[in-house]
2 protein chains.
Amino acid sequence: MGKPDTRARIQGAAAMLFRRYGYSATGLKRIATEADAPFGSIYHFFPGGKQQLAEQMIRTSGTEYGRLVLALLDSVPDPAESLVHAFEAAADDLAAADYADACPIGTVALEVASSNEGLRIATAEVFEEWVGAATEWFSRWVAEPKAAQSLAYSMIMMLEGAFMLSRAARDPEPLRVAGRSMAELLRTAIAGAGED
Amino acid sequence: MGKPDTRARIQGAAAMLFRRYGYSATGLKRIATEADAPFGSIYHFFPGGKQQLAEQMIRTSGTEYGRLVLALLDSVPDPAESLVHAFEAAADDLAAADYADACPIGTVALEVASSNEGLRIATAEVFEEWVGAATEWFSRWVAEPKAAQSLAYSMIMMLEGAFMLSRAARDPEPLRVAGRSMAELLRTAIAGAGED
DNA sequence: GTCTATAACATGATAGAC
DNA sequence: GTCTATCATGTTATAGAC
C-alpha cells in the first residue's frame, strides 16, 4: 500500500482545501504543495484547471457525503432517534476536526452561486441528489410524498445551517439542536398523517 | 438628497460585494470601482484595509438584517403564520434579486471560519445576537426558555440552509418549505407545552 | 482629504526542457 | 509523464503628489 498516485493526491488535496477555505481562497499552488505534486501536474491531469478540479470535487465528494449521511441514518431502528444520532455524530466529527471539515460543498455553493454558472449547477445537482435520497428514506415512515420531500429538504437545510453556526461559534451545540428539531418534525409528521 | 459620502459609498459597495461573492473573491479594487471612489480612499477611511472593511460590514449588516427579519415576524398576529409569511417574503426578495442577495454574512461566515479568527468571531457574535432576539420572540408563545431558544436556533439554521439551496437551484421553493417546517415546529412546541 | 502611481506579492495558466 | 520557469494579471498595501 504505497501512497496514492499523483492524480488522486491532487484530487484529495483539492477536496480538503475547497471544503475548509472555499473556492476563491484556495490557490492551485497550495493544492500542489499539499498534494506533494509538481505544479504542472495539475494541468496535466486536469486540463480544465481550477474550475474542473472544483467541479469534480463537488460531484465526487458530494455524492460520497450524501451516502455517508444516509448510511448514518440507518444505524438505529427508530427513525427519530436516528436523526438525533446522525446530527450527534456530525457534531462529534466536526469538533474532532477542530471545526474545519463540515459539508464538503457548502462553502463553495454559496461562493459560486452568483459568479460561476458551471459550479453553481454542479452544487445544485448534488443538493437535488441528496433531497431525492433523503425523500426515499423519509418515505419509509411518512406515506405522503410531499411530506417526505419537505422533511428531506428540511433535514438538509437544517444540517447546512447548523454547520454554519457550529463552525462560526466553534460549538457543537447548534448541530445537536438541529438534530432534536428534525426528530420533532418527523414525529409530528408521523402522528399527523392520520388526521384531516 | 445628494449621493452618500465617499465613506458610506465604500461601505455600501463592500457590503454588496461581500454578500454576493464572499470575502476572498471580492477585491478592494472592485470595491473602489463599484463605490465610484478612488482606491486610496479605502485606506484613508479604513486603515485596517480589507479585514476592517469586512468586520464592520459583518457587524453593521448583521445587526441590521437581524432587525429586518424580526420586524417581518410581527407583521401577522398568528406566530406560525408569521413564520410562513417571513420565509415567503425572503423567497420573494431573493428571487427578485436574481438569487444574489441572501443573508449578508452567511457566505463570509463559512469562508472565514477556519482561516480568519477576527472575522470568525464577528460572525459568531452576530449569530448569537440573532439567536438572542429570536429567543425573545419565541418566548412570547413558548414558556420554556430552552424550547424557545431551540426554536430560535432552528429558525436561523433553517433560513441559512434554505438560502444555500435556493441560491444554488435558483428556486424559491426551499425557502417556502423552510417556512412551513418552522411553523410546524412552533405549533408542536405550543401544543406540547401542556404535556408531561 | 483626494487621488495616482507603484511596490511587493500571489494568482491562474502556459511553454517547454528533461 | 515530470518538473521548472515564466507570463500576464490581479491582489493588498503604501508612498507621495496635489
Side-chain angles (χ1 to χ4, degrees), chain A residues 2-58 107-108 111-120 122-123, chain B residues 2-58 107-108 111-112 114-120 122:
Chain A
K3 68 177 174 181
D5 63 8
T6 305
R7 190 197 160 88
R9 290 205 314 279
I10 291 172
Q11 234 169 351
M16 188 266 272
L17 292 168
F18 284 142
R19 179 183 201 168
R20 288 194 188 169
Y21 310 112
Y23 182 71
S24 300
T26 298
L28 294 185
K29 279 193 171 126
R30 186 154 176 211
I31 291 178
T33 304
E34 206 83 26
D36 199 21
F39 183 78
S41 296
I42 291 182
Y43 282 92
H44 177 72
F45 292 109
F46 305 90
K50 193 179 187 179
Q51 167 109 7
Q52 184 188 348
L53 215 41
E55 183 163 345
Q56 288 201 2
M57 109 78 179
I58 289 167
T107 306
V108 176
E111 271 186 286
V112 304
S114 300
S115 59
N116 188 319
E117 193 65 0
L119 297 185
R120 193 217 102 215
T123 62
Chain B
K3 69 177 173 181
D5 61 8
T6 304
R7 190 200 160 88
R9 289 204 315 278
I10 291 172
Q11 233 169 353
M16 188 265 272
L17 293 169
F18 284 142
R19 180 183 200 165
R20 288 193 189 171
Y21 310 112
Y23 183 72
S24 300
T26 299
L28 295 186
K29 267 182 180 142
R30 185 152 178 214
I31 292 178
T33 304
E34 205 83 25
D36 198 23
F39 184 78
S41 295
I42 291 182
Y43 283 91
H44 176 73
F45 292 110
F46 305 90
K50 195 180 187 180
Q51 167 107 9
Q52 184 189 348
L53 215 41
E55 183 163 343
Q56 287 200 2
M57 107 80 178
I58 289 167
T107 307
V108 176
E111 273 186 286
V112 303
S114 298
S115 59
N116 189 318
E117 193 65 359
L119 296 185
R120 193 217 101 219

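We name chains A, B, ... by the order of the sequence lines, and we start the count at 1 in each one. Reckoned from all heavy atoms, side chains included, excluding hydrogens, waters and symmetry mates.
Within 4.0 Å (heavy atoms only), Thr26(B) reaches sugar-phosphate atoms of the nucleic acid but no base atom. Nucleic acid contact class of Phe45(B) (heavy atoms, under 4.0 Å, all strands): sugar-phosphate only. Using a 4.0 Å heavy-atom cutoff across all strands shown, Gly49(A) reaches sugar-phosphate atoms only and no base atom. Residue Gly27(B) is in sugar-phosphate contact alone, with no base atom involved, counting any heavy-atom pair closer than 4.0 Å across all strands shown.
Atom pair Ile10(B):CD1 and dC3(C):C1' shows a separation of 12 Å (rounding to whole Å applied). When rounded to the nearest whole Å, the span between CZ of Phe46(B) and C1' of dT12(D) equals 16 Å. The distance from atom CZ of Arg7(A) to atom P of dT2(D) is 12 Å, rounded to the nearest whole Å. Across the protein-nucleic acid pair, Gln52(B) atom CD and dA13(D) atom C1' stand 14 Å apart, rounded to whole Å. For the pair Leu28(A) CG and dG12(C) P, the interatomic distance rounds to 4 Å; values are reported in whole Å. Between the P atom of dT11(D) and the CD1 atom of Ile31(B) lies a distance of 10 Å, rounded to the nearest Å. Taking atom CD on Gln51(A) and atom P on dT11(C), their separation rounds to 18 Å, with Å as the unit. One atom, CD1 of Ile42(B), and another, C1' of dA13(D), lie 11 Å apart when rounded to the nearest Å.
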Apply side-chain contact (heavy atoms from CB on, under 4.5 Å) to Gln11(A) and Phe46(A), showing your working.
CA-CA 10 Å; Gln11(A) 234 169 351; Phe46(A) 305 90; 4.0 Å; yes

Please determine whether side-chain contact (heavy atoms from CB on, under 4.5 Å) holds for the pair Thr6(A) and Arg9(A), giving the CA-CA distance in whole Å, both sets of side-chain angles, and the decisive distance to 0.1 Å.
CA-CA 5 Å; Thr6(A) 305; Arg9(A) 290 205 314 279; 3.9 Å; yes

Set out, in order, the CA-CA distance, both residues' side-chain angles and the distance that settles side-chain contact (heavy atoms from CB on, under 4.5 Å) for Phe18(A) and Lys50(A), then state yes or no.
CA-CA 11 Å; Phe18(A) 284 142; Lys50(A) 193 179 187 179; 4.2 Å; yes

Could you walk me through whether Thr107(B) and Arg19(B) pass the side-chain contact (heavy atoms from CB on, under 4.5 Å) test, one step at a time?
CA-CA 7 Å; Thr107(B) 307; Arg19(B) 180 183 200 165; over 6 Å; no

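Put simply, the side chain of Glu111(A) gets close to the backbone of Ser24(A): a donor and an acceptor are under 3.5 Å apart.
Comparing dC3(C), dT12(D), dT2(D) against the side chain of Lys29(B) picks out dT12(D) as the nearest. Considering only the side chain of Phe39(A), dA13(C) comes nearest among dT2(D), dT12(D), dA13(C).
Put simply, Tyr43(B) has no side-chain N or O that comes within less than 4.0 Å of OP1 or OP2 on dT14(D). Put simply, Lys50(B) has a side-chain N or O that comes within less than 4.0 Å of OP1 or OP2 on dT12(D).
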